[in-house]
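Note: hydrogens, waters and symmetry copies are ignored here, and every other heavy atom, side chains too, is used.
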Amino acid sequence: MRDYAKEVVQYTRGKGRLGCTLSVYEPCHNADEVIAATGYDPDADTENPCDSVFCSHGAGHTVKWNEVKNCMHLSGVMNQRATESTAPSARFERYRSQDDIFALDKELMSIFESTYGPVKKRTDNNNTPMRRYDATTGKKQRNYKYEPKHTGQEYLLVDGYNVIYSWDRLRTLAQDNIDAARSALMNILCNYQGFRKCELILVFDAYRVKGHDREVEKVNNISVVYTKEAETADTYIEKTSHELAKNHRVRVVTSDVMEQLIIIGNGAVRVSSEDFYEEVKTAEEEIREIIGS
């Protein structure tokens with residue numbers, strides 16, 4: 001499937017998801033030919049050894065499969081496992097809660113907590129433990145999953161330079177004068193905002209400008225942001241979309257693949273620069289029809 005999952009996200013505008021589940025392994029009809037064609041020698045693959053790796057005197061060394069029993073010193077544990085029942089109910093009947101299961105390996109838990117901090121139960125805003133299932137009926141709660149309420153204004157965040165170098169007419173203009181390309185994009189977006197009536201934030205990357213502080217200016221009916229030193233437009237858009245998406249419907253215009261994935265995780269809707277160009281053209285046509293009538 002390779003990168004088809006990304007393509008699904010792109011052509012569904014962030015709403016589609018591709019999930020793949022292994023059905024079953026089937027015998028290869030020409031296994032000998034495939035193995036011979038790869039020329040793979042498992043004994044020569046030191047990065048991914050097929051043997052067991054043992055630790056001795058602080059260093060690792062490999063042990064062949066038929067020599068493992070002679071080198072291992074956990075035979076008592078292996079014998080105990082062989083005599084225990086393999087039924088899940090028999091193995092876990094004495095472990096009633098998550099805490100009991102964690103207690104099986106206190107050393108592992110201490111390592112986990114020293115790295116990530118104490119394990120805390122998830123609670124809601126009233127400091128009440130969150131439950132997947134209703135305590136009285138035993139049925140799964142429908143409202144367990146958090147779903148943001150988009151009750152406010154619609155916001156549109158635009159990655160300025162990404163759009164400029166994605167649109168042919170602006171890219172050509174930018175080759176001669178980048179300031180003219182920025183001004184042209186601002187004028188286009190002002191018309192678009194006036195027609196769509198959304199809160200539009202245009203972000204330009206200024207992170208390479210030494211000592212530059214973030215600037216926010218109002219150009220007609222849109223907000224134009226110039227990022228501060230060491231702050232990319234991607235970083236500003238990611239943080240802003242994360243905050244706004246909690247209570248508002250947020251769309252982000254960019255063709256940066258990594259930024260698109262982060263935006264989707266923030267709960268915002270991504271729009272590629274090419275798709276946004278079509279939106280702008282449609283809006284301009286409708287504006288001309290209104291003016292002409």
Side-chain angles (χ1 to χ4, degrees), residues 3 6-7 9-11 13-14 154-245 250-264 266 268-291:
D3 296 328
K6 294 181 181 178
E7 295 182 19
V9 174
Q10 291 175 356
Y11 68 66
R13 300 187 179 184
E154 176 183 348
Y155 281 81
L156 179 66
L157 283 79
V158 180
D159 189 335
Y161 288 127
N162 189 285
V163 170
I164 288 176
Y165 289 103
S166 297
W167 294 5
D168 292 337
R169 55 175 172 172
L170 293 181
R171 182 171 61 250
T172 303
L173 186 60
Q175 292 174 354
D176 297 328
N177 191 326
I178 189 65
D179 291 333
R182 282 198 297 262
S183 298
L185 178 59
M186 291 179 195
N187 291 333
I188 293 171
L189 295 183
C190 285
N191 290 335
Y192 177 86
Q193 191 281 335
F195 183 73
R196 296 299 183 188
K197 304 300 182 182
C198 61
E199 288 290 335
L200 198 151
I201 304 174
L202 176 60
V203 184
F204 287 113
D205 213 327
Y207 78 101
R208 290 185 178 180
V209 181
K210 187 174 182 180
H212 188 270
D213 293 327
R214 183 187 300 153
E215 295 181 15
V216 181
E217 61 179 2
K218 200 74 173 179
V219 178
N220 295 326
N221 49 349
I222 69 173
S223 299
V224 181
V225 177
Y226 297 91
T227 62
K228 62 184 178 181
E229 180 186 3
E231 180 186 46
T232 64
D234 294 350
T235 303
Y236 178 85
I237 290 174
E238 290 163 12
K239 292 189 296 186
T240 305
S241 63
H242 176 73
E243 292 300 322
L244 292 176
V250 180
R251 298 198 305 153
V252 177
V253 177
T254 180
S255 290
D256 187 293
V257 176
M258 290 304 298
E259 187 177 356
Q260 289 174 351
L261 295 176
I262 296 173
I263 289 165
I264 294 172
N266 288 346
V269 177
R270 71 97 191 169
V271 181
S272 68
S273 298
E274 292 77 11
D275 291 339
F276 184 59
Y277 178 69
E278 297 299 326
E279 284 190 33
V280 171
K281 284 203 307 181
T282 302
E284 290 176 347
E285 292 174 359
E286 294 183 17
I287 291 173
R288 282 193 290 269
E289 291 178 1
I290 295 172
I291 295 175

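Residues meeting the salt bridge (charged side-chain N to carboxylate O under 4.0 Å, His left out) test with E286, sequence neighbours left out: none. When the salt bridge (charged side-chain N to carboxylate O under 4.0 Å, His left out) test is applied to E7, no partner is found at least two apart in sequence or on another chain. E284 is linked by a side-chain contact (heavy atoms from CB on, under 4.5 Å) to R169, I188, V280, R288, counting only residues two or more places apart in sequence or in another chain. Every side-chain contact (heavy atoms from CB on, under 4.5 Å) that N221 has, sequence neighbours left out, goes to C190, Q193.
Interatomic distance, I164 CD1 to Q175 CD, rounded to the nearest 0.5 Å: 12.0 Å. The CD atom of E243 lies 10.0 Å from the NZ atom of K239; values are rounded to the nearest 0.5 Å. Atom OH of Y165 and atom CG of L170 lie 10.5 Å apart (nearest 0.5 Å). If you take CD1 on I290 and CD on E285, they are separated by 12.0 Å, rounding to the nearest 0.5 Å. N220 contributes atom CG, which lies 7.5 Å from atom CG of N187 (distance to the nearest 0.5 angstrom).
Taking every heavy atom of both residues into account, V269 and R13 meet most closely at CG1-O, 3.7 Å. Smallest separation of non-hydrogen atoms from D205 and T232: OD1-CA, 3.5 Å. Considering every non-hydrogen atom in both L244 and L157, the closest pair reads CD1-CD1, 4.1 Å. The shortest heavy-atom contact between D159 and A233 is OD1-CB, 4.1 Å. Residues D275 and V271 come closest through the heavy atom pair CB-CG1, 4.0 Å. The minimum heavy-atom distance between S273 and W167, with the atom names listed, is O-NE1, 3.0 Å.
Side-chain contact between Y192 and L156 is present, with heavy atoms from C-beta onward closer than 4.5 Å.
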Could you list the donor-acceptor pairs under 3.5 angstrom formed between side-chain atoms of residues 177-184 and any protein atom two or more places apart in sequence or on another chain?
unit_1	atom_1	unit_2	atom_2	d
N177	OD1	D179	N	2.9
N177	OD1	A180	N	3.1
D179	OD1	R182	NH2	2.0
R182	NH1	Y161	OH	2.7
S183	OG	D179	O	3.1

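F204 and Y226 have parallel rings, their planes meeting at less than 30° on a 0 to 90° scale where 60° marks the start of perpendicular.
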query = Passes side chain to side chain contact (heavy atoms under 4.5 Å, CB included), T235 versus T227? Steps please.
reply = CA-CA 9 Å; T235 303; T227 62; over 6 Å; no
ask   = Going through the distances and angles, do L189 and F276 end up as a side chain to side chain contact (heavy atoms under 4.5 Å, CB included)?
value = CA-CA 11 Å; L189 295 183; F276 184 59; 3.6 Å; yes
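Under the salt bridge (Lys or Arg N to Asp or Glu O under 4.0 Å) criterion, no residue pair touches residues 184-203, with sequence neighbours excluded.
Of the possible polar contacts, none joining the R214 side chain to the K228 backbone as a donor-acceptor pair under 3.5 Å is found.
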